[in-house]
Amino acid sequence: YEIYQCDWSSDVCSSDLVALEGLGLGQRARLRFICEKDAAARRLICAHRSPEHIFNDIMQRSVDDMPVCDIYAAGFPCQPWSTAGLRQGTADKHGRGNIFPRILDYLHRKRPKCFLLENVKGLTTSTHQECFASMLDDLKLGNSFIVTWRVLNTANFGIPQNRPRLYIIGFLRDAVPGGIEGNLDFKWPRGGRHDPLRSLLEGHEICRPQVKPGTVADRNLQVMLHRLKRQGVDPASEPYALDIFASKPRSMLGKVPCLTRTRAGSGGYYITCAKGLLTTVEMLRLQGLPESFIAIAQKADVSDRQLRQMIGNAMSVPVLRDLLSRMLHALGFR
């Protein structure tokens, strides 16, 4: 049984390949293709793992030119469904809500043994209830795929980041031993490991990024520090993550709020006990990605800000590792 790994996801940062490597299957997985619009992200992925085929735009690529794979992983744009956005869904003015049909077309015509899709939990809310139900029904392709979904939080998988994400998993019925849903040996992970934020922080001797004086973020920082002190908290001794780049600053103790493309690119979060912003190394750790990606990015001519943006948009490796292990087991792979 040979695993063929394919991927379409904006700035995915090769998370799924890292997860497979963590399972000891890195050398048995071939990256059959990527479809990535961002040139910097393409360079990073190609520097990490050479894909057999490269497509630049999911809206322009032809499924006829795409190879068959066993595992299909995709993360379609979250902005149309996110509570942080306009929640326009399929009516998104930038057309991002219309990418899902392109994913569906690949599944319909190429029939991978399984697929893994990721998005924000906002897609499951009442605002998009009808659309989400329609998506799940479409993914079944009649009776071809067994489809299941859950919202899982990265914070429950040993990474101190509050990152609830929707995961949709499908199994080709013909690939499941016995071919019927009752025979599907797949159980969703429950998580339960909660590592402290301090364990992922670099030492105090490093040169940590700081907030520029006189900026809105600096004013937000001073307000938040003053607020914590009024509550009887010593910010310098407690691992609070302050979201000072938001329009409404907030704090979180012992873990960071969700790393997004925008937030990671702007500097992430201010860590009170470290007296500075997150470093790129810490952002990688907060997604379960290896620190070697910094050197890979430099080799691929990807700037530090571009890398941080990709980290914020990546899938969390510990969650993927657990899911892929269970998916492969369900398909009879040992």
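Everything numeric here is computed off the predicted structure, so don't read it as measured data.
- Here the closest heavy-atom approach between residue Ala314 and residue Leu289 is recorded as CB-CD1, 4.3 Å.
- Around the NZ atom of Lys110, the shell of radius 6.0 Å holds more than 12 heavy atoms that belong to other residues, nucleotides or ligands.
- The neighbour count for Glu130 CD, taken as heavy atoms of other residues, nucleotides or ligands under 6.0 Å away, does not exceed 12.
- Aromatic ring orientation, His48 versus Phe293: tilted (interplanar angle from 30° to 60°).
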Any chance you could lay out the side-chain contact (heavy atoms from CB on, under 4.5 Å) test for Asp70 and Leu331, step after step, and finish with the verdict?
-> CA-CA 10 Å; Asp70 287 337; Leu331 292 172; over 6 Å; no
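- Using modelled atom types and a 3.5 Å distance limit, the side chains of Gln287 and Ser316 yield a donor-acceptor pair.
- Aromatic ring orientation, Phe33 versus Phe55: perpendicular (interplanar angle above 60°, classes split at 30° and 60°).
- When atom types are taken as modelled, the side chain of Arg219 and the backbone of Gly214 share a donor-acceptor pair closer than 3.5 angstrom.
- Looking at residues two or more places apart in sequence or on another chain, you find no side-chain hydrogen bond (donor to acceptor under 3.5 Å, both in side chains) involving Arg102.
- Shown here for Asp243 and Arg263, the closest heavy-atom pair between the two residues is OD1-NE, 2.8 Å.
- Note: Phe115 and Phe145 meet the aromatic proximity criterion, with ring centroids under 6.0 Å apart.
- The shortest heavy-atom contact between Leu324 and Ala19 is CD1-CB, 3.9 Å.
- Within a 6.0 Å radius of CZ in Arg305, other residues, nucleotides and ligands contribute 12 heavy atoms or fewer.
- Residues Arg165 and Thr154 bring no donor and acceptor atom of their side chains to less than 3.5 Å of each other.
- For the residue pair Gln129 / Ser126, no side-chain donor-acceptor distance below 3.5 Å is found, with atom types taken as modelled.
- When only modelled atom types and interatomic distance are considered, Asn153 and Arg163 share no side-chain donor-acceptor pair under 3.5 Å.
- Within the structure, the ring pair (Phe, Tyr, Trp, His ring centres under 6.0 Å) test picks out the following pairs touching residues 188-236 (sequence neighbours left out): Phe186-Trp188.
- Applying the ring pair (Phe, Tyr, Trp, His ring centres under 6.0 Å) rule to Tyr269 yields no partners; only residues at least two apart in sequence or on another chain are considered.
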